[in-house]
There are 2 protein chains.
Amino acid sequence: MSDEAGAALTRDGTFSRRTEVVIREMILDGTIPPGERLNEVALASALGISRGPLREAIQRLAGEGLLTMISHRGAFVRTFEAREIDELYDMRCAYEMYAARLICQRADDEQLAGLESFVADTGLAMDDTNGRYPPDRDFHRRLLALAGNATLERAALDTQDQISLARSMSAKAPTRAKAALGEHEAIVAALRSRDADTAVLLVQEHLEHARRGALAALGFTDDPRKGNETP
Amino acid sequence: MSDEAGAALTRDGTFSRRTEVVIREMILDGTIPPGERLNEVALASALGISRGPLREAIQRLAGEGLLTMISHRGAFVRTFEAREIDELYDMRCAYEMYAARLICQRADDEQLAGLESFVADTGLAMDDTNGRYPPDRDFHRRLLALAGNATLERAALDTQDQISLARSMSAKAPTRAKAALGEHEAIVAALRSRDADTAVLLVQEHLEHARRGALAALGFTDDPRKGNETP
DNA sequence: GGCATTTAAACTGTTGACAGTTGACAGCGA
DNA sequence: TCGCTGTCAACTGTCAACAGTTTAAATGCC
């Protein structure tokens, strides 16, 4: 990333796959902001490859929901309507609520202890974060990993990436760091006592809070299921 | 589909997109069975196009989980281990359990009445189906549509397609048609009375039955979370 | 005859060039 | 000045050919 673009894909593998990860990083970095078009000839020459493998990488990223493709007009970094963000949070709910259920069945105590100490450590480190809470993402990643379902984990991480991209449309940060930490602690406690119903409920409530925070930060004040308004 | 391959993509749109739907149909049809390789030059010439747009279609289908790509070896119609099928049923559970919850909140009585009459009609039509129950797929499609979340619906349908492909690895049909019908009726009843918790539970049980039936039909007898065995 | 090694065919990954489309700009007319 | 039209540059969609890898046959050796 700090390298020049052309040198960024000198490792092994096909150009197509390396290009995919480079562009994904550029999108999630903000190097290419939402709404911006990917000029194929410019991007290909910047990456030192031809348009063929670049286009293949673009197809895959579009399938992941990070790019929007319009016929004869090109690929654009995806932008999100309020409705779409709301739907993505539904997805997160579906994934993580079920993951919590799986964890109660499958995860061993050692794994849960690891998650618990992670929450404790990040709680100590969090003092003057001005409402930001960077470990939140990692907490959810670890949670999903403990469910022991690689398919579910990947799908959920893709959804996380889309939400992350959507949030990058606004510079406003969430302001509920301490609340989020407390909710994480409560979720872990429920998991440790293998209380699936409580864990699922706590995950749902936690994500509902996150949903409202995200929609507010992006300036979507109304109910996204009614009408749309741009910030 | 009944046309020759070359004439199958004469409608409007780009070659790449038309090729994508043609190949998806060929995979789900069984025209190209699981495990078979897609020979790019042969397939491209059969479709009357060049390898470029074909490869782009392949990338997208791989992203959907219908193809497996191996570097320098090509794209293969996906095959599934017991573990992967088990994971896919987890996904279905996550999607449809949450969909049931959303339906209880959002769907209006008219929509639920439509679903109810669909179940009633297919129940009457089902007499001598020898254990097969074709409307099952449509029931779940309708259920997902009523959740009012296009993102969730598409993801769930993709998972359905993957499961359908996995089941095509075996000719054995499920033998629980009447049980499935009864479970559908119970689910609809819970939805109509807006009893979210019951609906979610019934969906989960229904899908657990389907999971066991699928794994048994495919010859996976052991717990897929332990070891693997091929039928 | 069976097995390792070599060789050639087949196929994928990549490239550069061509063709059709889109969007913008200049020019014309009201 | 505003709107319409025709033209043009830029870009995407597509193609055919080249290069490197894999697979399979063919050869040689034990």
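First the proteins, then the strands, lettered A, B, ... as listed; each starts at 1. All values derive from a computational prediction rather than experimental measurement.
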>> How would you summarise protein contacts on nucleotides 9-18 of chain C per nucleotide, using B for base, S for sugar-phosphate only and - for none, with heavy-atom distances below 4.0 Å?
In response: --SBBBB-B-
> Below 4.5 Å, heavy atoms only, C-beta onward: do B/Leu218 and B/Phe80 meet side chain to side chain?
Replying inline: no
> Relative to each other, are the rings of B/His184 and B/Phe139 parallel, tilted or perpendicular (30° and 60° limits)?
Replying inline: parallel
>> For B/Glu110, I'd like to know if atom CD has over 12 heavy atoms of other residues, nucleotides or ligands within 6.0 Å.
In response: no
>> Suppose we screen for salt bridge (charged side-chain N to carboxylate O under 4.0 Å, His left out). Which residues come up paired with B/Glu20, at least two apart in sequence or across chains?
In response: B/Arg24, B/Arg60
>> Can you measure A/Glu36 atom CD to D/dC11 atom C1' for me and round it to whole angstrom units?
In response: 16 Å
>> Does this structure show an ion pair linking A/Asp90 with B/Arg106, if we count only N-O contacts that are shorter than 4.0 Å?
In response: yes
